[in-house]
Amino acid sequence: MSMNLTYKLIDSHLESGEMKPGEEIAIHIDQTLTQDATGTLVMQELEALGLDQAKTDVSVQYVDHNLLQGDEKNAEDHEYLRTAAQRFGLWFSKPGNGVSHPTHMQRFGVPGKTMVGSDSHTPAAGSLGMLAIGVGGLEVALAITGRPLHIRMPEVWGVRLEGELPEWCSAKDVILEMLRRHDVKGGVNRIIEYYGPGLANLTAMDRHVIANMGAELGATTTVFPSDDAVREFLRAEGREDDWVELLADEGCEYDVEDTIDLSEIEPLIAKPSSPGNVVPVREVAGEEIAQAVIGSSANPGLRDFAIAAAMVANRQTAPQVSFDINPTSREILADLTKMGATLDLVMGGARIHQAGCMGCIGMGQAPAVGRNSLRTMPRNFPGRSGTKEDSVWLCSPETAAASALTGVITDPRDWAREVGMEYPKLDLPECNSVNTAMLVPPLDPEEAQQVEPVKGPNISSLPELSPLPEELEAPVLLKVGDNISTDEISPAGVNALPFRSNIPKLAMFSFTRVDDSYPERAQEAEESGHIIVAGENYGQGSSREHAAIAPRYLGLRVVIAKSFARIHWQNLANYGILAVEFEDPDDYDSVDQDDKLRIQNLDGLADSDTLQVENVTKDSSFTVRHRLSPRQVKDVLAGGLIPRLAKDDE
């Protein structure tokens with residue numbers, strides 16, 4: 001029987017379950033990726049799980065988010081991560097070595113392998129023909145201990161690519177076209193698999209751009225074939241021996257199908273404040289800008305920086321524009337410099353930052369209130385930039401550079417015609433500047449046993465989590481709308497991010513972008529616990545499990561929503577928070593903030609997937625439904641996955 005590539009990858013790693021959409025399956029994991037904003041919790045979880053040495057083929061701990069060291073907190077995190085990586089047998093990528101996703105692709109990615117990462121953009125590795133899935137940190141910790149990943153089998157969405165991109169358009173415009181068509185929920189419970197003749201015109205790094213932002217569609221992951229483009233990428237990295245051809249079978253089928261003619265793509269841009277708010281650049285041309293940022297895991301390739309350098313060479317960016325360049329790896333910075341492109345950028349007015357996520361996660365480069373910021377980054381959720389009232393737009397490097405030069409949002413085709421510039425033919429190196437100086441390999445197991453992870457005063461332990469009671473009567477402390485992101489639940493940025501290792505401190509930032517009184521009110525209601533009511537796609541965005549554990553620390557026991565984003569839904573279960581959905585979405589309107597709700601027979605979750613919720617305040621009731629597997633029910637009832645595992649070991 002012919003199989004698509006997604007089915008081949010899953011089938012070769014399937015430990016249990018059937019590959020039928022909606023069925024829970026268990027997949028063996030070959031590699032893991034953690035970064036510093038989520039990795040400290042993973043290391044604490046490995047301690048709680050009693051890990052001796054990593055059981056995976058490759059596990060890498062990157063430091064790419066918390067790079068600004070305004071005080072001692074981030075430096076303490078870095079040292080904890082370095083020594084914990086030594087203790088548990090992980091590779092360690094030092095601060096400034098590069099953003100995890102492109103760096104992992106360059107040094108560790110292998111076609112046909114599976115990977116989980118505690119970062120929602122882990123699917124970028126699908127550009128190499130990997131099955132790479134973003135999950136919560138606890139699931140990464142379990143994978144490092146040798147346990148499989150449990151997920152519900154997604155549908156496979158086949159997207160056929162035809163034609164070739166026009167000049168002044170690039171891979172960013174392709175994924176923005178997908179978001180224009182399908183918005184931020186179009187990929188929920190789906191794996192996107194790209195195929196077709198148009199692939200021949202996309203490099204491995206072009207595919208990285210598309211796979212990375214599949215997360216913005218809500219997709220479980222994105223898969224590309226491992227073909228000649230992947231072989232060429234690995235050859236340039238000195239790793240051609242890692243290449244293996246992986247293609248979908250002729251005549252294979254997909255659950256959902258779509259087609260994109262690349263020749264019809266035009267420059268696109270996502271308006272504030274959602275990646276799905278996409279329009280043609282020409283529709284908003286002329287809007288004044290104050291910032292243009294190129295970099296991040298969403299546009300990490302050498303050509304993404306080189307094209308901007310070619311555009312600004314012998315020119316000056318507009319006086320009011322901050323033109324920021326965030327190199328994505330030291331390797332790419334080295335190649336950019338050898339080409340002379342770094343000098344072109346600097347002379348054109350660019351500010352060169354260290355290799356890392358930087359403004360993408362709100363760590364520096366925060367824009368002024370009311371001033372437009374154009375970014376090649378993956379997300380523009382409200383406040384993610386570090387400025388609460390921000391105005392962030394997402395676009396390609398071509399659009400960002402053209403706009404930086406003119407000072408207003410500009411279609412690069414119009415700019416090129418105005419200045420008489422032909423589309424640059426970039427002379428990229430045939431062999432990349434491989435640099436492993438800042439990659440620290442795992443210690444010998446015997447030597448690793450002698451390492452004690454260094455915990456500074458800002459490194460807390462995991463909080464103890466109590467079981468779910470048989471009956472809960474608690475207030476609705478917060479009612480929120482659709483598409484609430486994990487950035488709004490547990491914000492990043494320079495104020496909150498340094499407390500990622502300190503849950504009691506971090507908890508005090510929970511929901512402050514939505515309602516700054518929430519932490520104090522939650523503490524007052526802690527004895528009874530509390531409930532949150534939400535609209536559709538609750539918890540979209542980052543995989544940060546802090547958005548579950550921090551509100552849980554403050555007493556959150558139940559979230560009732562119209563629907564949930566996949567990763568956050570799983571994270572809630574992992575930390576003993578019951579996630580249920582309105583059986584009738586209209587019942588959302590019947591509940592107000594501060595209503596007191598009663599839910600009985602919670603110990604019967606395994607017997608029925610529906611529950612009655614009494615609104616004590618309004619003397620009414622409604623029905624909710626959970627989608628938990630029997631395994632997840634045990635986790636929730638025990639107060640979380642770690643308490644359940646501890647109970648099983650007794």
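These figures come from a predicted structure and were not determined experimentally.
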T122 side chain to D119 side chain, donor-acceptor N/O pair below 3.5 angstrom:
no

Report yes if some heavy atom in the side chain of N380 is under 4.5 Å from a heavy atom in the side chain of N277; otherwise report no.
no

Sequence neighbours left out, what passes side-chain contact (heavy atoms from CB on, under 4.5 Å) with R282? Give chain and number order.
D411, R413, D414, R417

If only atom types and distance count, is the side chain of W243 paired as donor or acceptor with the main-chain N or O of D227 below 3.5 Å?
yes

Between the side chain of D249 and the main-chain N/O of M3, is any donor-acceptor distance below 3.5 Å?
yes

For the residue pair R500 and A37, what are the closest heavy atoms and their distance?
NH1-O, 3.1 Å

Is a donor on one side and an acceptor on the other found under 3.5 Å between the side chain of R207 and the backbone of F224?
no

Mind checking whether H104 and Q31 have side chains closer than 4.5 Å, heavy atoms only?
yes

Quiz question: by atom type and distance under 3.5 Å, do the side chains of E24 and S629 form a donor-acceptor pair?
yes

Side-chain contact test, heavy atoms from C-beta onward, threshold under 4.5 Å: evaluate it for M178 versus M213 and give yes or no.
no

Is there a salt bridge (Lys or Arg N to Asp or Glu O under 4.0 Å) between E155 and R190? Walk through the geometry before answering.
CA-CA 5 Å; E155 293 182 319; R190 293 175 176 174; 3.2 Å; yes

Is it true that, when you exclude K562 itself, more than 12 heavy atoms of the residues, nucleotides or ligands shown sit nearer than 6.0 Å to its NZ?
yes

Any heavy-atom pair between the side chains of R544 and L41 that's under 4.5 Å?
no

Identify the two heavy atoms, one from S127 and one from V230, that lie closest to each other, and give their separation to 0.1 Å.
O-CG2, 3.6 Å

Would you please test Y7 and M153 for side chain to side chain contact (heavy atoms under 4.5 Å, CB included) and show each step?
CA-CA 10 Å; Y7 269 65; M153 179 68 192; 3.7 Å; yes

Do the side-chain N and O atoms of Q61 and T34 include a donor-acceptor pair separated by under 3.5 angstrom?
yes

May I ask you to decide if G136's main-chain N or O and E139's side chain share a donor-acceptor pair within less than 3.5 Å?
yes

Taking side chain as C-beta onward, heavy atoms only, is L9 less than 4.5 Å from T114?
no

Using only atom types and a distance under 3.5 Å, with no angle test, would you say the side chain of R566 pairs donor to acceptor with the backbone of I151?
no

Does P397 offer a backbone N or O that forms a donor-acceptor pair with the side chain of D304 under 3.5 Å?
no

T222 side-chain N/O to G214 backbone N/O, donor-acceptor pair under 3.5 Å:
no

Heavy-atom pair of closest approach, residues Y254 and C252:
OH-SG, 3.6 Å

Does E253 have more than 12 heavy atoms from other residues, nucleotides or ligands lying within 6.0 Å of its CD?
no

Any donor-acceptor N/O pair, D64 side chain to S100 backbone, under 3.5 Å:
yes

Would you check if there is a donor-acceptor pair between the side chains of E398 and S170 at a distance under 3.5 Å?
yes

What's the separation between atom CD1 in I191 and atom CG in L131, rounded to the nearest 0.5 Å?
5.5 Å

H13 and D30: CA distance, side-chain angles, deciding distance, side chain to side chain donor-acceptor pair (under 3.5 Å) verdict:
CA-CA 9 Å; H13 290 80; D30 301 314; 2.7 Å; yes

Here the pair of heavy atoms bringing A141 nearest to L46 is O-CD2, 3.5 Å

Nearest 0.5 Å, please: how far is OG1 in T328 from CE in M205?
6.5 Å

Heavy-atom side-chain proximity of Y195 to N4 below 4.5 angstrom:
no

Rounded to the nearest 0.5 Å, how far apart are CG of D635 and CG of L628?
9.0 Å

Tell me every residue that passes side-chain hydrogen bond (donor to acceptor under 3.5 Å, both in side chains) with D261, counting only those two or more places apart in sequence or in another chain.
S263

Within the structure provided, determine whether S385 and R375 are in side-chain contact (heavy-atom separation under 4.5 Å).
yes

Between atom CE of M130 and atom NZ of K113, what is the distance when rounded to the nearest 0.5 Å?
8.5 Å

Compute whether any side-chain donor of one residue and acceptor of the other, for S120 and R379, lie under 3.5 angstrom apart.
yes

D482 CG: over 12 foreign heavy atoms closer than 6.0 Å:
yes

Judged by modelled atom types alone, do H626 and Q632 share a side-chain donor-acceptor pair under 3.5 Å?
no

Find out whether T399 and P412 are in side-chain contact, i.e. whether some heavy atom of one side chain is under 4.5 Å from a heavy atom of the other.
yes

When you measure from the side chain of S226 to the backbone N and O of G129, does any donor-acceptor pair fall under 3.5 Å?
no

Quick check: closest heavy atoms across L572 and A579, and the distance to 0.1 Å?
CD1-CB, 3.9 Å

Inter-residue atom distance E536.CD - F582.CZ, 0.5 Å rounding:
11.5 Å

For K479, is the NZ atom crowded, meaning more than 12 foreign heavy atoms sit under 6.0 Å from it?
yes

Between V223 and Y194, does a side chain to side chain contact (heavy atoms under 4.5 Å, CB included) hold up when you go through it step by step?
CA-CA 7 Å; V223 170; Y194 291 91; over 6 Å; no

Taking all non-hydrogen atoms of both residues into account, name the closest pair between R627 and R152 and its distance.
O-NH2, 2.5 Å

Does anything in residues 139-161 pair up under ring-ring contact (aromatic ring centres under 6.0 Å, His included), and if so which pairs, sequence neighbours excluded?
W157-H182

Applying side chain to side chain contact (heavy atoms under 4.5 Å, CB included) to I260 and I265, what does each step give before you reach the verdict?
CA-CA 8 Å; I260 294 179; I265 293 290; 4.1 Å; yes

Using atom types as modelled and distance alone, determine if a side-chain donor or acceptor of E488 lies under 3.5 Å from a backbone N or O of S485.
yes

Side chain to side chain contact (heavy atoms under 4.5 Å, CB included) between I175 and L217: does it pass, once the steps are laid out?
CA-CA 9 Å; I175 190 60; L217 286 156; 4.0 Å; yes

Assess whether salt bridge (Lys or Arg N to Asp or Glu O under 4.0 Å) is satisfied between E18 and K20, documenting all intermediate values.
CA-CA 6 Å; E18 293 186 61; K20 294 180 179 179; 3.4 Å; yes

Could you give the distance from OG1 (T220) to CG (N189), rounded to the nearest 0.5 Å?
6.0 Å

